[in-house]
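Residues: numbered from 1 along the sequence shown.
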Amino acid sequence: MGSPEEIDDDTSEIPSPPKNVYKDPDGGRQRFLLELEFIQCLANPTYIHYLAQNQYFEDEAFIEYLNYLQYWQRPEYIKFIMYPHCLYFLELLQNPNFRTAMAHPANKELAHRQQFYYWKNYRNNRLKHILPRPLPEPTAPPPPPAPSTSLPPAPSATAALSPALSPMQYNNMLSKNDTRNMGAAGIDRRKRKKGT
């Protein structure tokens with residue numbers, strides 16, 4: 001066996017385990033859920049505006065926390081996110097200019113409007129690029145005009161494929177005199193000259 005000095009040298013290289021290590025009773029589940037909820041709140045420009053107005057973005061610890069939350073962009077965590085705009089806003093919040101700008105109500109409204117337009121047009125814009133456009137079919141010459149009546153023309157085969165007319169478009173097809181002079185029961189109530 002070696003001298004006591006050699007034994008002390010060997011133990012000094014091995015770090016002693018910390019005495020008070022915090023262990024989550026639920027294995028980190030509650031922390032995971034709290035961070036998930038917070039990060040998804042960042043998808044709301046009004047909430048970001050609230051944080052800016054209450055000077056959370058001036059606290060260095062909060063800025064470091066936002067930086068720490070970027071681990072949610074990894075594939076093993078991203079699958080839990082329901083509002084993907086939160087990741088975009090989290091990335092923008094790393095920029096001090098964006099954090100400062102979100103304190104102004106006009107910028108909050110601009111971000112909210114842009115987010116709305118993205119949601120409104122996302123599917124249509126995406127389908128435009130994904131789905132190929134069919135070739136236009138040759139069209140037959142239009143049939144000769146029928147005598148004018150108060151009823152709209154019968155739908156043709158091509159009209160069955162086109163979208164239905166809205167009530168406004170349907171009303172425009174009727175002549176103005178017909179709709180103005182007809183009563184509720186469909187009786188013509190025009191004033192007639194007595195001599196004819």
Side-chain angles (χ1 to χ4, degrees), residues 15 17-137 139 155 157-172:
K19 294 177 183 175
N20 295 330
V21 175
Y22 177 75
K23 188 93 170 162
D24 282 334
D26 60 355
R29 183 175 177 358
Q30 186 172 3
R31 178 178 174 181
F32 173 82
L33 292 175
L34 287 172
E35 288 179 358
L36 177 62
E37 183 178 357
F38 174 75
I39 198 163
Q40 291 192 103
C41 287
L42 295 179
N44 185 347
T46 305
Y47 182 64
I48 296 173
H49 174 71
Y50 167 81
L51 293 174
Q53 286 287 312
N54 291 299
Q55 300 175 347
Y56 281 89
F57 297 142
E58 294 175 11
D59 183 9
E60 283 301 316
F62 190 76
I63 301 304
E64 289 176 17
Y65 181 65
L66 290 174
N67 189 26
Y68 157 76
L69 288 175
Q70 286 188 322
Y71 76 88
W72 283 96
Q73 295 177 349
R74 296 197 311 237
E76 61 267 22
Y77 294 102
I78 202 169
K79 64 185 176 185
F80 297 105
I81 292 190
M82 294 175 56
Y83 307 107
H85 274 191
C86 68
L87 296 175
Y88 179 69
F89 282 120
L90 178 64
E91 188 175 324
L92 289 175
L93 285 170
Q94 304 305 315
N95 183 341
N97 294 332
F98 179 77
R99 293 191 300 260
T100 306
M102 284 306 288
H104 302 288
N107 293 331
K108 172 197 69 154
E109 290 300 320
L110 176 66
H112 187 70
R113 269 195 315 271
Q114 293 301 316
Q115 187 178 43
F116 169 75
Y117 292 137
Y118 178 82
W119 288 337
K120 179 181 172 189
N121 300 313
Y122 174 74
R123 183 171 183 258
N124 292 336
N125 290 340
R126 186 165 180 219
L127 290 178
K128 250 189 261 184
H129 299 293
I130 293 175
L131 298 176
R133 291 182 181 225
L135 295 174
E137 296 181 17
T139 57
T158 58
L161 298 176
S162 66
L165 294 175
S166 72
M168 292 298 288
Q169 292 169 326
Y170 182 77
N171 286 339
N172 289 339

Student: Any side-chain heavy atom of Y118 within less than 4.5 Å of one from Q114?
Tutor: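 A side-chain contact is absent here, since even the closest heavy-atom pair is not under 4.5 Å.
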Student: With a 4.5 Å limit on heavy-atom distance, are the side chains of R99 and Y56 in contact?
Tutor: no
Student: Does the side chain of Q53 come within less than 4.5 Å of M102's, by heavy atoms?
Tutor: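 The answer is no; the side chains never approach within 4.5 Å.
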Student: Quick one: pull up CZ in R29 and CG in L34 and give me the separation to the nearest 0.5 Å.
Tutor: 11.0 Å
Student: If you measure from CD on Q70 to CD1 on I39, what distance do you get to the nearest 0.5 Å?
Tutor: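 If we round to the nearest 0.5 Å, Q70:CD and I39:CD1 are 8.5 Å apart.
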Student: Nearest 0.5 Å, what's the OG1-CG distance between T100 and N95?
Tutor: 8.5 Å
Student: So for atom CZ, which belongs to R74, do other residues, nucleotides or ligands contribute more than 12 heavy atoms lying within a distance under 6.0 Å?
Tutor: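 For R74, atom CZ is crowded (more than 12 foreign heavy atoms under 6.0 Å).
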Student: When you check the side-chain N and O atoms of Y88 and Q115, is any donor under 3.5 Å from an acceptor?
Tutor: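 No donor-acceptor contact under 3.5 Å links the two side chains.
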Student: Could you measure the distance from the CG atom of N54 to the CG atom of D59? Nearest 0.5 Å is fine.
Tutor: 12.5 Å
Student: So, taking the atom named CG in L92 and the one named CG in L87, what distance separates them when rounded to the nearest 0.5 Å?
Tutor: 11.0 Å
Student: Please evaluate residues E60 and Y65 with respect to the criterion side-chain hydrogen bond (donor to acceptor under 3.5 Å, both in side chains), reporting the C-alpha separation (whole Å), side-chain torsions for both, the decisive distance (0.1 Å), and the verdict.
Tutor: CA-CA 9 Å; E60 283 301 316; Y65 181 65; over 6 Å; no
Student: Could you go step by step and tell me if L51 and F62 meet the side-chain contact (heavy atoms from CB on, under 4.5 Å) rule?
Tutor: CA-CA 10 Å; L51 293 174; F62 190 76; 4.1 Å; yes
Student: Does the side-chain contact (heavy atoms from CB on, under 4.5 Å) test come out yes or no for L69 and F38, once each step is laid out?
Tutor: CA-CA 10 Å; L69 288 175; F38 174 75; 3.5 Å; yes
Student: Could you walk me through whether H112 and H49 satisfy the side-chain contact (heavy atoms from CB on, under 4.5 Å) test, starting with their C-alpha distance in whole Å, then the side-chain angles of each, then the deciding distance to 0.1 Å, before giving a yes or no?
Tutor: CA-CA 11 Å; H112 187 70; H49 174 71; over 6 Å; no
Student: Determine whether N44 and Y83 satisfy the following criterion, side-chain contact (heavy atoms from CB on, under 4.5 Å), listing intermediate values before the conclusion.
Tutor: CA-CA 9 Å; N44 185 347; Y83 307 107; over 6 Å; no
Student: Side chains of L66 and Q94, heavy atoms from C-beta outward: is any pair under 4.5 Å?
Tutor: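 When only atoms from C-beta onward are counted, Q94 and L66 do touch, with a gap below 4.5 Å.
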Student: Heavy-atom count around E37 CD within 6.0 Å, excluding the residue itself: above 12?
Tutor: no
Student: Find the distance between CD1 (I63) and CD (E58) and round it off to the nearest 0.5 Å.
Tutor: 9.0 Å
Student: Checking ring-ring contact (aromatic ring centres under 6.0 Å, His included) between F80 and each of F32, W72, Y71, which is the one that passes?
Tutor: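 Checked F32, W72, Y71 against F80; only one passes ring-ring contact (aromatic ring centres under 6.0 Å, His included): F32.
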